[in-house]
Amino acid sequence: MSADNGYYVPHQSIWPIVGSIGLFVTMIGLANMLTGAWNASVLLVGATILLIMIFGWFGAVIKESESGLYSQQVDRSFRWGMGWFIFSEIMFFAAFFGALFYARQFALPWMAGDAGRLVTHEFLWPTFEYVWPSSGPAELGGEFQPMGWWALPTINTLILITSSITLTFSHEAMRHNQRQKHINWLALTIVLGLIFLGLQMYEYVYAYTELNLRLETGIYGSTFYMLTGFHGLHVAIGAIILAVILGRSLRGHFTAERHFGFEAAVWYWHFVDVVWLFLFICIYVL
Amino acid sequence: MAATTHDVHDGHGEHHHGPAKGLGRWLFTTNHKDIGTLYLLFSLLMFLVGGSMALIIRAELFQPGLQLVDPHFFNQMTTMHALIMVFGAVMPAFVGLANWMLPMMVGAPDMALPRMNNWSFWILPFAFTMLLSTLFMPGGGPASGWTLYPPLVLQTGDAFPFVILAIHLMGISSIMGAINVIATIFNMRAPGMTLMRMPLFVWTWLITAFLLIAVMPVLAGAVTMLLTDRYFATSFFNAAGGGDPVLFQHIFWFFGHPEVYIMILPAFGVVSQIIPTFSRKPLFGYHSMVYATAAIAFLSFIVWGHHMFTVGMPLTAELFFMYATMLIAVPTGVKVFNWVATMWRGAMTFETPMLFSIAFVILFTIGGFSGLMLAIAPADFQYHDTYFVVAHFHYVLVPGAVFSIMAAVYYWLPKWTGHMYNERLSRIHFWLSVIGVNVLFFPQHFLGLAGMPRRVPDYALQFTEWNMVSSIGAFIYGISQLLFVYIVIQTIRAGDKATDRVWEGAHGLEWTVPSPAPYHTFDKPPKISTADAHG
């Protein structure tokens, strides 16, 4: 049964419904945690179901792929799927970048009486002067010091850019069928990703203990932690994806011609990298 | 065409060609027709649930004073009615139609990512269980209106995180559904089915899917900020911390405006399939229809401010949003012109799908015109948050989107079930609906212009008569939908045998397969003839 003999349509699968139940339990658990009704146990049960689903579902796909069921056309479906998934992620980040932009360009200057908004300023916040970074006219979260851009964030930027380059080398090696080289560069990429994550965590601890820069530090703290936090989460997911790919490569999966699983991970990693560049400029430098 | 592709599954069970037996068929299915059916049935159920809530609203508003429900519950009803109708009824109905029809229309064996397709659907029942359960929580369900504006929405009781996370689930479902649609249309077309040969329903769904992927994540971001503002002391919408409640409105409507096109573009597609069939003429101006759809989609991203004219924006922004909004009338006018031109001198017959489509063209246009009135920023200061707005968006959503879904169901039901529906009963359903809907919503224009605010359980005495008329219309419209349910059940269970082409003037690949459409269609790509190009 050659792969190019039709489009592979799996006939039944238990994984989607397992995934739905997992999502449901996770969300119910999380919501009840937020209201203070439950502890984390239900959330963890849900997350476990989701993990089982991910293993089962991806396991099935990998098995099908390795047994040669996927035609070029199936491969293209995965490409379209991954591409548009990344686009949806970009739009998710766009919402938070939009919030940052709006606060800095409109909300804060207007509260300070800019652009003819004298009444708002005079009656509500007469003493407020706008200087970014700002925790707002009420200075929520208390005195803080902003996170500088030199040193740690710059090093982190270099690490992440380097990781994109090493991943490109790994991809090149894959294309030229140099498996050992591919594996070495891939492993190095994962290590760089983990170093990045470690440094980010160090930065958070430093911000909380030394700078008094917290999530509740007004709009600056909100945008800083939500943007870098969601980005960090994506780096973590990307690193896990790359680790799975590494495991598959060690088992001899992928060929020089057919390796979209790996390529999708590469796309994702570059996406995370590009988001960081915007973050570095908008959050740290400007 | 009957040969199946690979009968290998992911790791369990025997080989089979038809549907599996029992409940497992629906839980584990990867078949686009099964999933389409699930979506449509789920949507019908939600339509009835959301409709019942609307009837509670209209019963309370039948006369001034508070008689049936307390105001807090009334506010929960307006909020839940909207969330359920938008995310539970209209959107899933169109996804159901897409599931059933897109693969057949482009000559594909199934959707591009069949397992993900199942997941997109099966998230929804859980999401709506979660949303509906909030009505029984301490403090009740959300009562802020579906727009969830802070700071009001932050006062929701224990229901708050459940609402937010339910919306996240709906978003995940929509995004996966949209990715599947795009992958199917770009990658699964039969050879010869070029982009400019695709039926218009396929085109409008392609563009809708793009809108979905672009804006659902933005909604996810907005509600995430609400959640962290409430539980983790962030300041996105808190002016004391340098945020701004108006920021939420900007983000929400950046999602919200494309969202209304998500609910209407597939309706345009449906009507563009049906009108040529019953006019026995090809669609007038096919290319301009495609470009107009794309233009509307593009414009939908730069007009969100027209929902916020009275909220406080710089004058230049008000002017920009006003003119950009009015521009949308141009491509929309192109569409209405094309539908009318398609009917012009056609050999027309008026079966139920056509009746609903013609009603769509006329009544949607009324909703479009009241939209133009609202687009005029200085005039909107008068209309804002009145019943005029309610009348406007219900005209585009009920005799607009919902009528097109009814039209689509009557049009394709014979293909799905192999049976003809009862034409006489369905015409009664149509006339009751079209009369009911106008009695229901037209007086709301007068109420709004006279100054009656929306989202109120009680009102001043001078608004009584038109509110009574409106409530009577609501019950006519609402109850006549039970007839629709009866007709659908009757068609599934019995009814005359439908032919393969069903409608004399129908063109397109879906009419070349038997009725009912076999469980698997087009395992081998069909040959595309010019006659079958864009219906």
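Just so we're on the same page: letters track the sequence lines, and every chain starts at 1.
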Quiz item: Got a second to check how far A:Leu23's CG is from B:His168's NE2, nearest 0.5 Å?
Solution: 11.5 Å
Self-check item: Nearest atoms (heavy-atom pairs only) where A:Tyr7 meets B:Ala112
Solution: OH-O, 2.7 Å
Self-check item: Contact check, side chains of A:Gln12 and B:Thr30, non-hydrogen atoms, under 4.5 Å
Solution: no
Quiz prompt | Under 4.5 Å from any heavy atom of chain A - which part of B:Asn118 | solution = both
Exercise. Starting from the C-alpha separation in whole Å, work towards a yes-or-no answer on side-chain contact (heavy atoms from CB on, under 4.5 Å) for A:Val61 and B:Arg115.
Key: CA-CA 10 Å; A:Val61 171; B:Arg115 276 175 288 223; 3.8 Å; yes
Practice problem: Would you mind telling me which of B:Ala209, B:Gly312, B:Ala214 has the largest number of heavy-atom pairs within less than 4.5 Å of chain A? | Solution: B:Ala214
Quiz prompt | Engaged part of B:Met137 at the chain A interface, taking heavy atoms whose separation is under 4.5 Å | solution = neither
Exercise. State the CE-CD1 distance between A:Met27 and B:Ile123, to the nearest 0.5 angstrom.
Key: 9.0 Å
Quiz item: Is chain B contacted by the side chain of A:Met111, its backbone, both, or neither, given a heavy-atom distance below 4.5 Å?
Solution: side chain
Quiz item: Can you tell me how far OG of A:Ser77 sits from CG of B:Asn180, rounded to the nearest 0.5 angstrom?
Solution: 8.5 Å
Quiz item: Considering all heavy atoms of both residues, which atom of B:Gly242 and which atom of A:Ala107 are nearest to each other, and what is their separation?
Solution: O-CB, 4.0 Å
Quiz item: Do B:Phe160 and A:Leu34 touch side chain to side chain, with heavy atoms closer than 4.5 Å?
Solution: no
Quiz item: Does B:Thr234 reach the side chain of A:Ile219, with side-chain heavy atoms less than 4.5 Å apart?
Solution: no
Quiz item: What residues of residues 248-257 of chain B sit under 4.5 Å from chain A when you count only heavy atoms?
Solution: B:His250, B:Ile251, B:Phe254
Self-check item: Part of B:Ala239 within contact of chain A (heavy atom distance under 4.5 Å)
Solution: both
Exercise. Name the option with the most non-hydrogen atom pairs under 4.5 Å to chain A; the candidates are B:Phe186, B:Phe210, B:Trp122.
Key: B:Phe186
Quiz item: Does the separation of the ring centres of A:Trp15 and B:Trp119 fall below 6.0 angstrom?
Solution: no
Quiz item: Which one of A:Thr217, A:Val18, A:Asn32, A:Thr26 has the most heavy-atom pairs closer than 4.5 Å to chain B?
Solution: A:Asn32
Self-check item: Reported CE-to-CZ distance for the pair B:Met188 and A:Arg76, which is rounded to 0.5 angstrom
Solution: 10.0 Å
Practice problem: Ignoring hydrogens and angles, state whether a donor on the side chain of B:Asp158 or A:Thr35 is under 3.5 Å from an acceptor on the partner side chain. | Solution: no
Quiz prompt | A:Arg79 and B:Asn187, any side-chain heavy atoms less than 4.5 Å apart | solution = no
Could you tabulate the donor-acceptor pairs under 3.5 Å formed by side-chain atoms of residues 84-102 of chain A, not counting sequence neighbours?
from, atom 1, to, atom 2, distance (Å)
A:Ser88, OG, A:Phe85, O, 2.7
A:Glu89, OE1, A:His234, NE2, 2.9
A:Glu89, OE2, A:His234, NE2, 3.0
A:Glu89, OE2, A:Tyr268, OH, 3.3

Quiz prompt | Proximal component of B:Pro125, with respect to chain A [non-hydrogen, under 4.5 Å] | solution = neither
Quiz prompt | Side chain / backbone / both / neither for A:Ile28 at chain B, heavy atoms under 4.5 Å | solution = both
Quiz item: Within a radius of less than 6.0 Å around CZ of A:Phe278, do more than 12 heavy atoms belonging to other residues, nucleotides or ligands occur?
Solution: no
Practice problem: Heavy atoms only, distances under 4.5 angstrom: which of B:Thr29, B:Val218, B:Ile164 has the most pairs with chain A? Name it, please. | Solution: B:Val218
Practice problem: Below 4.5 Å from any heavy atom of chain A, which atoms of B:Phe162 appear? Answer side chain, backbone, both or neither. | Solution: both
Quiz item: In terms of heavy-atom proximity below 4.5 Å to chain A, should B:Ile182 be classed as side chain, backbone, both, or neither?
Solution: side chain
Quiz item: Is there side-chain contact between A:Ser222 and B:Phe237, with heavy atoms separated by less than 4.5 Å?
Solution: no
Quiz item: Is it the side chain or the backbone of B:Ile175 that comes within 4.5 Å of chain A heavy atoms, both, or neither?
Solution: side chain
Quiz prompt | Neighbour count above 12 (heavy atom, 6.0 Å) for A:Glu66 CD | solution = yes
Practice problem: Under 4.5 Å heavy-atom distance to chain A, tell me which part of B:Asn238 shows up: side chain, backbone, both or neither. | Solution: side chain
Quiz item: At a heavy-atom separation under 4.5 Å, does A:Met82 approach chain B through its side chain, its backbone, both, or neither?
Solution: neither
Quiz item: Looking only at heavy atoms, which two atoms of B:Pro161 and A:Ala31 are closest? And how far apart?
Solution: CG-O, 3.7 Å
Self-check item: Student check: side-chain heavy atoms of A:Phe78 and B:Leu113 closer than 4.5 Å
Solution: yes
Quiz item: What part of B:Thr228 lies closer than 4.5 angstrom to a heavy atom of chain A: side chain, backbone, both or neither?
Solution: side chain
Quiz item: Just by distance, do the side chain of A:Glu216 and the backbone of B:Phe232 share a donor-acceptor pair under 3.5 Å?
Solution: no
Quiz item: Counting heavy atoms not belonging to A:Phe55, are there more than 12 under 6.0 Å from its CZ?
Solution: no
Quiz prompt | Max heavy-atom pair count under 4.5 Å with chain A, selected residue of B:Pro314, B:Ala183, B:Ser133 | solution = B:Pro314
Quiz item: chain A heavy atoms under 4.5 Å from B:Leu124: which part of the residue, side chain, backbone, both or neither?
Solution: neither
Self-check item: Contact check, side chains of A:Ile17 and B:Phe28, non-hydrogen atoms, under 4.5 Å
Solution: yes
Self-check item: B:Phe126 side chain reached by A:Ser20 side chain, heavy atoms, under 4.5 Å
Solution: yes
Quiz prompt | Partner chain B: residue of A:Trp125, A:Tyr130, A:Tyr220, A:Phe128 with the largest heavy-atom pair count (under 4.5 Å) | solution = A:Trp125
Quiz prompt | B:Pro114 to A:Val9 - nearest heavy-atom pair and separation | solution = CG-CG1, 4.0 Å
